[in-house]
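Each chain gets a letter, A, B and so on, in the order its sequence line appears, and its residues count up from 1.
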Amino acid sequence: MKRYNPKELEPRWQKTWDKDGTYKANLKSDKPKYIAMSMFNYPSGTGIHIGHAMNYTISDVKARFKRQSGYESYHPVGWDAFGLPAENYAIKAGVSPSRSMAKIIPDYHKQYKAMAWSNDWSKEISTHEPEYYKWTQWIFSQMYKNKLAYQDARLQWWCEKCQTVLANEQVIDGKCWRHDSADDPLVEKKEVKQWFFKITDYADELLDAIDSLDWTDSVKLAQKNWIGKKTGINITYSIEGITEEREVTCFTTRPDTNFGATFIVISPEHELAEELANGKLAAKTGSDMKKIAEYIKASTVKSEIERQQEGRKKTGVFTGLYAVNQLNNQKLPIYIGDFVLSGFGTGAVVGVPGHDIRDFEFAQAFDLPIERVVVGDDGDELPITRAEQVQEDNGKMINSEFLDGLHIKDATEKMMDHMEAKNMGKRVVNYRMRDWSVSRQRYWGAPIPIIHCPKDGIVLVPDEQLPVVLPQLEDFKPSGDGRSALARAKDWLSVECPKCGGKAERETDTLDTYIDSSWYMYRYFDPQNQDKIFDSEIVKKWEPIDFYNGADHATAHLLYARFIARFFTKLGLVNEPEPFKQFLFNGKVVAQDGAMFSKSKGNGVDPLDIINQGYGADALRTYLMFAAPLELWTKWDPQGVPGTYRFLARIWNLTQEYLSAQEGNTEDKLTQDIHRTIHGMIKKVTKDIEENRYNTAIASIMQAVNELYKFKTKSLARSDVWQEAFEGVIMCVAPFAPHIADELWHQLGYKDSVHIDHWPKYDDKYLASDEITIVVQVNGKVRANITMPSDATEEDIVKTAKVNEKVKEYLNKKEVRKTIYVPRKLVNFVV
RNA sequence: GGGCGAGUGGCGGAACUGGUAUACGCGACGGACUUAAAAUCCGUUGCCUGAAUAAGGCUUGUGGGUUCGAGUCCCACCUCGCCCACCA
């Protein structure tokens, strides 16, 4: 008998599939289409790790399942090759990033193939190739032409180590996401001229569509929070006793509490603050210009993390000015405080210390009055002196004249109506989301296709001159003045202005790599197109992506991709505004102690090691999909792969036994049992894979195999029903363990691959048994099981249950007050 | 601080719309084969009392509730994980 030897058979099948083009997708096929993919990989040079093995196997199983089920199934492959890690690695190693990519990517090919991911290699893409980034640049041009790209000088997060600006989501705990260890520097704010995409124009669209997405709920919620839509009111206050006439406008979502307002705080970046600091304005009674200027300076230098380290201790400075609350003519002193953010709302807030914790803390720090205007569920009406009395998000109004007695929700509406009628304020909507900063001052990215002309200003590179090819440089370190290394590429830099033909200079910023990854799924459908970004006809046939998964990038990447898809619909390039029909936010594999696998900790698990130890990719894939539900984080168990290896070997051994058995008949009872087992398995596996519950799908195959081992002790013969059983098991296990499946499929006599168009069908008629087991309870406790013919009536069942010895004991001649009967399942006697 | 999710054997985890809790796997123990080991196969394995594969009791983080019946539904609390975080 041949032994199960993955080391021999796996490479052999990989070659065969390659040669036969088994996984090549025909995008013009008449079959129904299906595309499953995981977020593409960033080739870092360290190879794939167990986390990649997890991610890509998830979408591969899905793609294989659909391919077997008769779909034209496409499992694409590509590389997110631009970006900082490759560039930093190149700086360190002294090799250009393009050269190191040329070396790294072929290594990845080997690893992907060893894992048996059913990729269509003929359509491979990489974002760093000019053929690809030509179209990334084209997207920028389209944005610019549609007035969705603009340049603006803004305070940006700046990482000293990266020498580049960072998006908000790239700042983690006050540090750069790439440099977040203890000895790394904190990020700073720096004023930089940046290119932006106006994603905020799409905020409502992006928000409204979220509910209808078939995505992991936590991701949908994260997207909603990221957009952060808030409806409120901008209240404008006039300022008293000032040298020039001024107003201050505050945004609030809680105008109902406005009778409790006792002060106003503006952000250090507020223009009023600036005017006070440079002496343009002052209170008639005098403002401490020096103190104000010092405070502003100190707070801009202060990093985010320093502010956090100070906890909630509020700082600020009085301006000498007062605003007037028109509701009750109360004078509200105006402060400058750094807890107020300039980027949200109007950069000014009205302080209601009785009902907002931050305002309360500020009031305590500056000894400002605290008024109660809401009584919460606790009924506490006492003056507010402690923090835990603050913040009633439910309650009724007091001390608020015409609002008294109203619930806060109704009071909010009434106050907004009142303020709008009296011209005190105007309803507004605010978003947390800002425009997408797309400039990076780094070398390894797609150059922004812009030319700066002394005469014509900003000029777009004409489409026919794209791509603007990234020049080969010896030294790609940032230039140090805030510009990328491209600023030193003098030949490249100097260019003829497309408008006037005069001497001009290229833009030296490159595009954020999130743009590369926000449209790559479309390029998969037409990877070689030289004339267009892609053929819309093919894309419209294949969109949306049916299945997408990943363990990271729940907000930024997915939101940007959705934005680009919506932009593409407006350009008529695609039909579907939502690019990903289904998104699964899968869990990660972590070390046994719960720590993340990482190179620096040296606790990584290399999938290739496990394969080469002799367990094979099939056992590894099966273990990863079996260990836990896909959305859960899993701890790596070194005993796990041997376990699934054993399971596959059991299938192998049993099949060998069958193949060397004599031809013969299988008796009816056994035939029935085998049918029930196999068809039950097929039903469960089909449903479970469909619903992304791979762990229980595998469990039910294991269970069926265990059953077959029992059945074979009765009689194992080369009969139709046994043949059907082995084919069923092999087809069901094929998405998880593709090599052993195709090998055994051929041993069973087939000449084609199990992986195309071979998914078993089940028939419910085999699932029915002629006997049913009924649970009998007395007072809700299980006391007996009875076996009844499957056509037994309720009357029969209850009668039989009642006379059961065990049950009789518990009924103990007492009167049965109530009998509950659950059809074909259970009887419960209440005494 | 806010939001979301999860607590089930020694471990990873099953359990459909409330109906036999602990499927499947790992580990452990026992047996068969073997000179021996590995591999393989067959058993046992939630906890407590019991000699018992007799019988009984208990058990899904804790405490209450609804129900004939609760891992599942409701309320309160505890613990852990993830995400966001001075967003007005």
First of A:Lys781 and A:Arg650 reached from the 5' end of RNA chain B, by closest nucleotide: A:Arg650

Describe the nucleic acid contact of A:Arg783 in one word from base, sugar-phosphate, nothing, applying a heavy-atom distance below 4.0 Å. sugar-phosphate

Closer than 4.0 Å, any side-chain N/O of A:Arg646 to the OP1 or OP2 of B:G27? yes

Select base, sugar-phosphate, or nothing to describe what A:Arg817 touches, counting heavy atoms under 4.0 Å on all strands. nothing

By the 4.0 Å heavy-atom rule, please label A:Gly643 as base, sugar-phosphate, or nothing. sugar-phosphate

Does A:Tyr694 use its side chain to pair, donor to acceptor, with the backbone of A:Ile58 at less than 3.5 Å? yes

Between A:Thr249 and A:Asn234, is any side-chain donor less than 3.5 angstrom from a side-chain acceptor? no

Short side-chain N/O contact to B:C86 OP1/OP2 from A:Lys314, under 4.0 Å: no

Classify A:Asp217 by what it touches in the nucleic acid, base, sugar-phosphate, or nothing, heavy-atom distance under 4.0 Å. nothing

Just call it for A:Leu632: base, sugar-phosphate, or nothing, with non-hydrogen atoms closer than 4.0 Å on any strand. sugar-phosphate

Is there a side-chain polar atom (N or O) of A:Lys818 under 4.0 Å from OP1 or OP2 of B:C68? yes

Under 4.0 Å, counting only non-hydrogen atoms across every strand here, what does A:Val822 touch: a base, just sugar-phosphate, or nothing? base

Just to be sure I understand the rule, does A:Leu221 reach a base, reach only the sugar-phosphate, or reach nothing, if contact means heavy atoms closer than 4.0 Å? sugar-phosphate

Contact class for A:Phe829 vs. all strands (heavy atom < 4.0 Å): base, sugar-phosphate, or nothing? nothing

Determine whether A:Phe626 and A:Phe647 satisfy the following criterion, ring pair (Phe, Tyr, Trp, His ring centres under 6.0 Å), listing intermediate values before the conclusion. CA-CA 12 Å; A:Phe626 173 67; A:Phe647 159 62; 8.0 Å; no

Let's test your reading of the model: under 3.5 Å, does the base of B:G25 pair with the side chain of A:Gln639 as donor and acceptor? no

Under 4.0 Å between any heavy atoms, over every strand shown, what does A:Pro642 touch: base, sugar-phosphate, or nothing? Just pick one. nothing

